[in-house]
Amino acid sequence: MDKEKIKEGVKLILEGIGEDINREGLLETPDRIAQMYEELAAGYTDDAAVHLQKRFHADNTDIVMEKDINFYSFCEHHMLPFYGTAAVAYIPNGEVVGLSKIARTLEVYAKRFQLQERLTAQVADVFMKELAPQGVMVLIEAEHMCITMRGIKKPGTKTVTVAARGVFEDNEQLRNSFYRMLERR
């Protein structure tokens, strides 16, 4: 990550909106923003597949679901955050991953400038490629600040995206099981 370019870009934005970049409160802002992007955009240097390498033998062929996974990402169109929760379910094919690895996989893709639709598909696709389960289903529900604070200005509006792979694609009963598991508290 080129932090110097980020700092220069922040200075240009501040000047562009009419701010005095030498004002006391803004002197360290370019550096703070560069540090922030180093953390929030760390997904560009991480490989999601790495998190799915540690596996455990399992005879289980029932749905494994992790839900209510909180995440934060950035809309690639407006560079504003979107955030929400994800649910990832898969049907093992002889192997399972540690539960924390499910959330870590999502996190890698979320820490990039994104489209929610792409984020949902990326998580599903990496599970299919790396873990080779019978199927995987991913649901993401998020609020986009580009809808909340600009443009249409509709706070609380949620966008829901779903990706189904493998046996979930054509099996309505499995998809319905996934949705019922989401409703359980």
Side-chain angles (χ1 to χ4, degrees), residues 1 6 32-52 62-92 96-131 133 135-169 171-172 174-185:
M1 191 165 297
I6 295 170
R32 282 191 295 268
I33 298 297
Q35 288 175 16
M36 176 190 74
Y37 275 109
E38 190 171 48
E39 177 184 343
L40 297 180
Y44 289 106
T45 57
D46 291 343
D47 180 3
V50 168
H51 299 294
L52 299 175
D62 293 322
I63 297 173
V64 175
M65 176 187 278
E66 189 163 304
K67 64 181 185 174
D68 299 324
I69 308 168
N70 292 311
F71 75 92
Y72 304 88
S73 192
F74 279 96
C75 162
E76 68 182 31
H77 297 140
H78 301 99
M79 293 179 64
L80 287 171
F82 69 93
Y83 57 92
T85 59
V88 179
Y90 68 100
I91 298 176
V96 294
V97 294
L99 296 176
S100 69
K101 306 308 183 197
I102 298 171
R104 288 184 193 281
T105 301
L106 168 71
E107 194 74 8
V108 168
Y109 293 119
K111 287 190 171 193
R112 299 175 183 182
F113 286 89
Q114 276 289 11
L115 295 174
Q116 182 175 330
E117 298 88 342
R118 181 187 313 123
L119 174 61
T120 308
Q122 285 173 324
V123 173
D125 291 341
V126 76
F127 262 81
M128 289 302 289
K129 180 180 178 199
E130 298 299 325
L131 195 56
V136 65
M137 196 156 169
V138 178
L139 182 141
I140 293 180
E141 183 175 313
E143 183 169 351
H144 293 247
M145 295 309 290
C146 56
I147 293 174
T148 296
M149 63 186 290
R150 60 155 304 280
I152 191 119
K153 296 182 183 125
K154 296 294 179 198
T157 301
K158 300 282 184 9
T159 301
V160 178
T161 50
V162 177
R165 305 289 187 267
V167 294
F168 283 103
E169 287 181 89
N171 189 321
E172 186 177 347
L174 281 175
R175 287 194 310 276
N176 288 338
S177 292
F178 172 86
Y179 291 121
R180 279 193 303 278
M181 289 173 78
L182 284 177
E183 294 171 0
R184 292 185 185 147
R185 290 286 165 199

Output for pair (Ile6 CD1, Glu38 CD), nearest 0.5 Å, gives 8.0 Å
Answer whether the closest heavy-atom distance between the side chains of Phe113 and Tyr44 falls below 4.5 Å.
yes
Less than 4.5 Å apart, side chain to side chain, heavy atoms only: is that true for Leu106 and Val88?
no
Work out which heavy atom in Thr161 is nearest to a heavy atom in Glu117; give both atom names and the distance.
CG2-CG, 3.9 Å
Which pair of non-hydrogen atoms, one from Ala103 and one from Ile69, has the smallest distance, and what is that distance?
CB-CG2, 3.8 Å
Between SG on residue Cys146 and CD on residue Glu76, distance to nearest 0.5 Å:
11.0 Å
Does Ala110 offer a backbone N or O that forms a donor-acceptor pair with the side chain of Ser73 under 3.5 Å?
yes
Quick one: CG on Leu182 to NZ on Lys67, what's the gap to the nearest 0.5 Å?
6.0 Å
Taking the side chain as every heavy atom from C-beta outward, state whether Val138 and Phe127 have any atom pair closer than 4.5 Å.
no
How about Leu80 and His144: do any of their side-chain heavy atoms sit closer than 4.5 Å?
no
Less than 4.5 Å apart, side chain to side chain, heavy atoms only: is that true for Tyr109 and Asp125?
no
Does some side-chain heavy atom of Phe82 sit less than 4.5 Å from a side-chain heavy atom of Ile140?
no
Quick one: CZ on Arg165 to CE on Met128, what's the gap to the nearest 0.5 Å?
8.5 Å
Evaluate the side-chain proximity of Phe168 to Ile63: yes if any heavy-atom separation is below 4.5 Å, no if none is.
yes
Start with the C-alpha gap between Phe74 and Tyr37, add the side-chain angles, then the distance that decides, and say whether ring-ring contact (aromatic ring centres under 6.0 Å, His included) holds.
CA-CA 11 Å; Phe74 279 96; Tyr37 275 109; 5.8 Å; yes
Report the residue from Met137, Arg180, Glu169 that forms a side chain to side chain contact (heavy atoms under 4.5 Å, CB included) with Arg175.
Met137
Please walk me through it: do Asp46 and Lys111 pass side chain to side chain contact (heavy atoms under 4.5 Å, CB included)?
CA-CA 9 Å; Asp46 291 343; Lys111 287 190 171 193; 5.9 Å; no
Any chance CE of Met149 has more than 12 other-residue heavy atoms, nucleotides or ligands included, within less than 6.0 Å?
no
Measure the spacing between CD of Glu130 and CG of Asp47 and express it to the nearest 0.5 Å.
7.5 Å
Applying side chain to side chain contact (heavy atoms under 4.5 Å, CB included) to Thr105 and Val97, what does each step give before you reach the verdict?
CA-CA 11 Å; Thr105 301; Val97 294; over 6 Å; no
Test item: side-chain donor near acceptor, Arg118 and Gln114, under 3.5 Å:
yes
Could you tell me which non-hydrogen atom of Ala48 sits nearest to which non-hydrogen atom of Val108, and how far apart they are?
N-CG1, 3.7 Å
Compare every heavy atom of Phe71 with every heavy atom of Thr85, then report the nearest pair and how far apart it is.
N-CE2, 3.6 Å
For Gln116 and Thr159, does a side-chain donor sit closer than 3.5 Å to a side-chain acceptor?
no
I want to check something: taking the side chain as every heavy atom from C-beta on, are Ile152 and Thr157 in contact at a cut-off of under 4.5 Å?
no
Distance, nearest 0.5 Å, that separates CD of Glu143 from OH of Tyr83
3.5 Å
